[in-house]
Each structure stands twice: as structure tokens, then as C-alpha cells.
Amino acid sequence: MDWQFLAFSLAKILVVFAVVMTMVAYAVLVERKVSAFIQDRVGPNRANPFFARYIPYLGMKLVRWGIFQPMADALKAILKEDYTPAHVRKVYFWIAPALAMVPALLTLAVIPFGSQLGAQKMVIADLDVGVLYTFGIVSLGVYGIVLAGYAANSKYPFLGGIRSSAQMISYEIAMGLSVIPVFLLVGSLNLSDVIGAQSGSLLAWHVFKQPVAFFVFLVAAFAETNRLPFDLPEAETELVGGYHTEYSSMKFALFFLGEYAAMISVSAMMVTLFFGGWTLPFLGLDQPAQSLWVGLLHILIFFLKLCVLLVGIIWVRWMLPRFRYDQLMDLGWRRFIPVALANIVVTAGVLAMMHR
Amino acid sequence: MIVERKPLNLAERLYIPAVANGFKVTWRHFKRTLFEGRTAAGDTAGGFHPEVPWRVGEGYRGAPYLVRDQDGATKCVSCQLCEFVCPPKAIRITPPGPDGAPADRRNAEKMPREFEINMLRCIFCGYCQEVCPEEAIFLQRDYSLSGTSRAEMIYDKEKLLALGGAHAGLRKWKQKEDEARAQEAFPPAAS
Amino acid sequence: MTGMHIGLEHYLFVSAALFCLGLLGVVLRRNLLVLYMGLELMLNASNLALVAFSRFLNHLNGQVMVFFIITVAAAEVAVGLALIVALYRKRQTAHVEDLASLKL
Amino acid sequence: MTDLLFVLFSALALLCGFLTVANPFTRSPVASALFLVLTMVWLAGLFVLLHAFFIAAVQILVYAGAVMVLFLFVIMLLDLREEERRRWNRFGVAAGLISVLGLLGITAVTLLRATPDGTGDAQLEGATHALGLMLFRQYLLPFEIVSVLLLVAMLGVILLSKRELK
């Protein structure tokens, strides 16, 4: 443990944090734009800061694309009145938003977002048990929501919190079981090794080798991030707004951003586990980078894959209607868990046959 | 009548065709908006809200205002039914009291000394219009209410009357008076 | 680095202290659930001791043991909580002093 | 560095453990549960310092992520209020404290007197692979028995929480 290591780690943490927070803000914008386009609207196109008109040619275009909207949103969230209802349990009311936000960000610590720049591996913590770490942290994400429901001390948030904890615990099992075949194939829990195992050809990507695992993981990811079609914890039509009903201003924004941060980390997990991480099977891009430029290119590839998955997740929200709660539980316990288990058995059987 | 639910076949239970169909529909709209620049508002109204004002439909329930009758008299008689029925308690009426000024029209006993509607509280449900025996309050077309302070959004009687305008409806009490005049003894002789 | 060298005995001391804290919870608190949390704390303390042994005696047995303890603890918690819920449904209380029907 | 972290983690674990069982400010079970979660997280930190990465991850995953959520769930479902401050049974409390302190004293003395076996230096590296091999070779039978135990526990819980049996 030397100082160089510390400094580089700190730099990576800061950069990843900054990039992810920016991505979260713009994921919100993308969500609004995509939803608007699907619903025959144009979406945010008015946020017009004073300096926009001094940008030659592009200025007004950027305004129309809503590029400045996240700034306006952030400003609004910060400046808005922070209202604490009289009946809430104060301490829990204060920690819940933070607890909702933090796990999503912590997950990203073990995701390899590039091969290497110089001698530095582009991953904050190259853990041997990377995937267990992510699942552990993801499982901590329940607390924020449960506590928010409990703290609000009123019935709809409480119902939302209870629903969500049941949903997240149930789908955590399906999620955990779904990735076991992947690790049976790789033979290591280290996420860098998972990426290494997917290099070579397009067909080496786990999404093609383990389509069932990917499907179960994808659906469980929707449930874990509380996104439609499984956003029952916050179902507006029945629970008003679920666990964040009583929240306003920045505390509400933290829940909101936490949801998008969770989406990003889940997408990053999917890219790493199933889509070959920073590799592309052409032009030798699947080997660790020798030069700085290739290293940057790898980060870019990871980033692009991530964006595609993010837009996919956003798109699904406007494509599928919400499930009923009993359907959700039925799907989790009686469909996906058996399917995931069967997938494990089949994969293990095939591997045992091959290695005999 | 109970509609029998048809059992889903395998394809429907797998959700895959439904997902594909959903993608088809959403992609069609996405493509149309993004590449052809067509939007619902553009197609129907020719533009977006602040530039192209919204055409308020017939029977729209906007902000509730007080109205005057044809003679310019306040129709409200301070019966406080609307104050009672208002679900969010947005209306507050101060009656004139025993020594207050009489109503500014014939046959009405009194008129409110003060009549306030808190537009921040109003939910535009229309109960006040429904309940008013004098047809004195109407939900009118204003839909975009804004102000810079909370106090500003509490509309008082003058403001409500000014915004409400005149309502050329049935004049209930004038009709009653005419009917009474048509009979012999009016005003009723003091016995 | 700091002069003091952290060895097995330090870990064991932390473990012992945690164990006693758990015991304290079991002795002091009267709410069944909190009592149960005290038990969990004691289990965790023993886990710490086992992992420390495993590290300093250079043998993986301790970690394997901890793995089993965690698994059994999870099962135990599930059953125990179900029992508490069943009890609560019958008696409307989770307070140990109210559960004295076996007392003479 | 590692020593510093050890001091930090163990102090925090002990503090949170204390607040779990004897929080002077509140007796709400939710507070206890949350402090227990924190204790477990710090313990996971200690496991990392002991290079037991697998155990640390499982600790977070199972204890903090599943077991304590169950606890919270039950507390909220039962809607437990704060423990009423009933009259303490002085004799009981005193006896309990004395026995706990006695136990602590005995362990401390034993620890101080003990001559450590082995080198006293940290040796074992966190070997997830080796741990897995050990679990599936040497300890295969206990592993299977534990899985059966989990199944039995699952069935038991389902039976217990059913309102009436058909």
C-alpha cells in the first residue's frame, strides 16, 4: 500500500464519480426526451442560460436539445423549499435519501470500465470477489427505500416501502442465481476475468452463450431498480408516489438520482457480465491496451455499450404496462427462480461432460 | 355480465410478441417525432403552448369567479353554501353582520362583506358553482393562474367580481318580484 | 507503522468484547426482536474470532466454519422471526415479560 | 495503515454494537436493527483486513442484505412501539451486568495469559478459490447437510406463517 496507489485510486474514484453524476443528470434528460418522442412531444427544449446565445451556431440548437435542462433541474432541486412534514420520524427521514443513493454508486467500484491507461488498470478495486461485492452492495439498496417508507409514517409510503423490500429481496435471489452459470463458465468471481473470458469473437459474449441467464438478469435488473414494468413501489396510480411521497426538493432529487444511478450501475454490470465489457471482437480491441489511445478507445467502447443499454432500459418504460403485484411475485418466485436454477444445472452438467 | 377471460396461449404467456408489438408501436412514434419532426401539438394546434395559446374548450372548468347580474349588482347573497361545500376550504366569506351594508340589489337581504378564494387551494372541482342557489359563482375559462407570492393568489371580492364579469342569466328574484306584483297586495300590507 | 503490531490477540479481544455486548443485550433488553439481535451480535463476534484464527494460524478451516455459521444463522433467523410473528399474532406482544404462562 | 484501519473498524464496530443493545437515546427496535447493520458492515471491514474477502462479501450479502432486512420487515409489520420503560428488576440487571463483566474479565485474562500458537504473524491470504475447493471436497457432507437444513427452515417458515392449514 504505497502513496502512488492511493493517489491513483483517489483520482479514479473522483473521475468515475464525476462522470457518473453527469451521466445520471443526462440520463434524466434522455429519459425525458425519449419519452417525449414516443408520445409525440418534443420534451425539454426551453432551458436557456444567458451564455447559450454566445455559443456560435450551436447555442440555440443545444437549447432545443435540452442540453441545459439538467442544470435548471439541479438548480430547482437545490433552491426549492425543503419541506419536512410534522408527522415524520426525523432521523430516518434524513438518512433514507442518502441510503438510497449510496449503494448504487458503490457498486461501480468493481466494474472495469476500460483495460488500462499506461500501467493503471481502469478499475477502482480489482476484487477477487467482485461480483459478490456488487450483490452485497445492491442488497443494501433496500434500506433506503424501506426506511423512507417507515420514516414517512403514513400509509402509502409505508405500503410502497414494504412492497419494494419484498420485491427487491425476491428478485435478488433470481438475479444472483442467474449469473452463477456465467461464473461457472469463467471459473472466477473477478470481473476482469469475466471480461477476459469474453474476448476473441462475438460469440464468446455471454449474452450469446447464456441467453437464459441474460434474460433472467435483465428482468431482475428492472425489478431491482424499481423501473417499469416493475415500479410497483412507486406506482403512482395506486400508491400516490410510494416511498418518496413525503419528500421534496433535494431529498426527493436524491431518490430520483439514486434510481438513475442504480440504472447505470446495473447497466454497467450487464455490459461487464454479458456484453464483453470494454472489448470489441474486431481489430484486436479485445486485448489490454498497449498505448494510451487504445486505452481511451476501450473506455469509449464501454461507455457506448452502457449508453445503448441505458436507452434500452429507458425505452422499456414506455413500452410495457405495469405488472400487478401478484403477477410480479409469481413471475419472480415461480418462473424465474426455477428457470435460473435449471440453467445452473444444465450449464454445470454440460461443463462436467466437456471436462471429463 | 361477466366476461369470460380467455386463457392465454403460450406465445401470449411468454410476453415476447407483446414486447415486440410494443417496440413496434413506440418505434413508429419515436421515428415520426425525431426524424419527421411531427408532434401531436404541432399536428393539431400548429405549435406549442406559450407561442400558440391553448384553445379553451366549451364547458371548461377553470378558475371560479363571482359574477354580477345584468344591472351590475352583486349576485352573491352571502349564504356561505359554497364555503361549506368547498372540499379544500379555499373559499372564505365574511358576512356583513347585523349592522352591515344591505345588498346592492332589490330583494336580496345581504351581500358578502368580503369574499376570498385562495387560488392555491382551489382544485377547480366546481362544487361551488353547483351548489350556488343564486348562480353567482362560475368556473370560467382562466386556466393559467400565477403570482409571485401566496398573498397575491388569494383573490378578494373586487378582484373576483372584476374577473367574473356580468352573467346574463335568469334573474330569479326579479321574476319572483314580478310574480308578487302581479298579485294584488304588494308590498304585503302591515297588519 | 504505528509501533503497535496488530496480532491475533487484538482481534480476539474485539471479538470477546462484541460477544459480551451481545450477551448484555440478551440480558438487558426485554423486546424479543432486540434480544434476537443480541444473539446475532454474539454469532458475529464468534465469526470474527474464527476468521482471525484462520488468518493467523494459516488454515482455511476457520473461514469454512464461518461460512457454515452464516448459513445456519440465516436459517435460524428465518425460523425465529416466523416464530416471533406467530407468537405476536397469538398474544399481541413481543415482550418477554408478557410471555410468562409457564411461570408458576 | 492497516493497524489504523483495524483500530477504526473495531472501535466503530464496538460502538455500534453498544448502541444496538443499550442505546441511551432511544429504545426503538428500528434503531437497534440499523446499528446492528452498521456493526456488521464494520465487521465486514475487519474481515477484509484479515484478507477474508469471500467471508466479508457473504457477511454483507447475507447478514446486512438479507437477515437484517428481514428483521426490519418484521419490526415494521408488527408495528412495535418503543419498549416501555418498565420498572427494572434491579437484582436481575445487577446480576446480568456482573455476569457479563465477569465473562469479559475471564476472556480478557485468558487472552492475556495465552501463549499464541503459530507464528503470530498474519499469513493466510484470502483465497476464494482454495476456500471453494475446501468447501466442495473436504467439507462436502456438511455443505450438503446445511443445504438440507436451509430447505427444512424454508418449509418450516412457510408452514409457520400460513394462517390456517388446510
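All heavy atoms count here, side chains included; hydrogens, waters and symmetry mates do not. Within every chain, numbering begins at 1; the chains are lettered A, B, ... in the order of the sequence lines, protein sequences first and strands thereafter. Because the structure is a prediction, the values reported are computed rather than measured.
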Count the heavy-atom pairs under 4.5 Å between each of [options] and chain D, then report the option with the highest count.
options	value
C/A78, C/C20, C/G25	C/C20
C/L12, C/V14, C/L48	C/L48
C/V51, C/L35, C/L23	C/V51
C/V64, C/I70, C/N44	C/N44
C/V27, C/N61, C/V26	C/N61
C/F67, C/F13, C/Y36, C/F19	C/F67

With a 4.5 angstrom heavy-atom cut-off, which part of [X] approaches chain C: side chain, backbone, both or neither?
X	answer
D/A130	both
D/V62	side chain
D/M40	side chain
D/L49	both
D/L36	side chain
D/S32	both

Could you check if a side-chain atom of [X] sits within less than 4.5 angstrom of a side-chain atom of [Y], using non-hydrogen atoms only?
X	Y	answer
C/L41	D/V21	yes
D/L43	C/L18	yes
D/Y63	C/L43	yes
D/F9	D/V48	no
C/E40	D/F71	yes

Original post:
When the ring planes of C/Y11 and C/F56 are compared, do they come out parallel, tilted or perpendicular, using 30° and 60° as the limits?
Top reply: tilted

Original post:
Yes or no on side chain to side chain contact (heavy atoms under 4.5 Å, CB included) for D/F47 and D/F53, after CA distance, side-chain angles and deciding distance?
Top reply: CA-CA 7 Å; D/F47 291 165; D/F53 301 114; over 6 Å; no

Subject >> When D/I55, D/V67, D/T20 are compared by non-hydrogen pairs under 4.5 Å with chain C, the top option >> reply: D/I55

Original post:
Short question: side chain of D/S99, backbone of D/A95 - any donor-acceptor pair under 3.5 Å?
Top reply: yes

Subject >> Worked verdict on C/T71 versus D/L149 for side chain to side chain contact (heavy atoms under 4.5 Å, CB included) >> reply: CA-CA 9 Å; C/T71 321; D/L149 178 79; over 6 Å; no

